[in-house]
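The structure appears right after this line, and notes come after that.
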Amino acid sequence: MANTPQAKKRIRRNNTRAEINTNRVSRIRSFLKKVETAIAGGDKTAAAEALKAAQPELARGVARGVLHKNTASRKMSRLSKRVAGL
């Protein structure tokens with residue numbers, strides 16, 4: 001168990017940040033899910049709109065440090081390729 005005040009503060013801070021980051025990742029996944037369902041439905045315009053909304057969310061995740069740059073790039077690339085193929 002943490003003994004110093006600094007270590008106790010660190011634990012509080014880490015718990016807060018973990019909760020915030022979990023919510024960020026969940027939000028990104030929700031946007032990606034919308035694109036996936038639009039693709040599965042075969043609706044190209046809805047899929048394109050959902051992808052357009054998801055791309056800034058992925059970029060924001062990278063900027064905030066919850067996603068790796070290459071991971072976000074790979075997801076964007078694969079989704080845009082699937083939307084274009086509809």
Side-chain angles (χ1 to χ4, degrees):
M1 185 63 201
N3 290 324
T4 64
Q6 181 181 10
K8 290 177 182 175
K9 182 179 178 180
R10 232 13 219 189
I11 290 170
R12 288 195 310 269
R13 183 189 156 280
N14 288 345
N15 291 338
T16 306
R17 297 310 305 170
E19 189 176 340
I20 290 168
N21 289 339
T22 302
N23 291 337
R24 282 192 179 128
V25 172
S26 176
R27 179 179 164 86
I28 291 169
R29 284 193 187 128
S30 297
F31 275 88
L32 296 178
K33 188 88 162 183
K34 287 177 188 172
V35 179
E36 291 287 343
T37 53
I39 290 172
D43 189 0
K44 186 168 184 168
T45 56
E49 288 297 316
L51 180 64
K52 197 173 181 182
Q55 285 175 335
E57 287 297 323
L58 281 167
R60 196 169 296 122
V62 171
R64 301 286 190 252
V66 295
L67 285 178
H68 193 273
K69 183 174 71 170
N70 292 352
T71 302
S73 178
R74 183 181 69 241
K75 287 180 185 292
M76 276 193 241
S77 174
R78 289 180 181 173
L79 284 174
S80 58
K81 190 174 180 181
R82 287 176 63 195
V83 169
L86 286 178

Inset, instruction - Indicate if Phe31 and Val25 have the same hydrophobic cluster label, given that clusters are the connected sets of ILVMFWY residues with side-chain heavy-atom separations under 4.5 angstrom. - result: no
Legend entry - Joint cluster assignment, Val62 & Leu32, ILVMFWY side-chain distance < 4.5 Å: yes
If I compare all heavy atoms of [X] with all of [Y], which pair ends up nearest, and what's the gap?
| X | Y | answer |
| --- | --- | --- |
| Ala47 | Val83 | CB-CG2, 4.0 Å |
| Ala72 | Leu67 | CB-CD1, 4.5 Å |
| Ala38 | Ala46 | CB-C, 3.9 Å |

Legend entry - Side chain Ser80, main chain Met76, donor-acceptor under 3.5 Å: yes
Legend entry - Under 3.5 Å: donor-acceptor pair, side chain of Thr22, backbone of Ala18: yes
Atom pair [atom1]/[atom2] of [X] and [Y] - distance to nearest 0.5 Å:
| X | Y | atom1 | atom2 | result |
| --- | --- | --- | --- | --- |
| Asn15 | Ile20 | CG | CD1 | 11.0 Å |
| Gln55 | Leu51 | CD | CG | 4.0 Å |
| Gln6 | Arg13 | CD | CZ | 11.0 Å |
| His68 | Arg74 | NE2 | CZ | 10.0 Å |
| Leu79 | Leu58 | CG | CG | 7.5 Å |
| Asn3 | Lys8 | CG | NZ | 7.0 Å |

Legend entry - Summary of side chain to side chain donor-acceptor pair (under 3.5 Å) pairs that have at least one residue in residues 28-38, sequence neighbours excluded: Glu36-Arg82
Legend entry - Working for salt bridge (charged side-chain N to carboxylate O under 4.0 Å, His left out), residues Glu49 and Lys52: CA-CA 5 Å; Glu49 288 297 316; Lys52 197 173 181 182; 5.2 Å; no
Inset, instruction - Output, in order, the C-alpha distance, side-chain angles, deciding distance and verdict of side chain to side chain contact (heavy atoms under 4.5 Å, CB included) for Asn23 and Glu19. - result: CA-CA 6 Å; Asn23 291 337; Glu19 189 176 340; 4.3 Å; yes
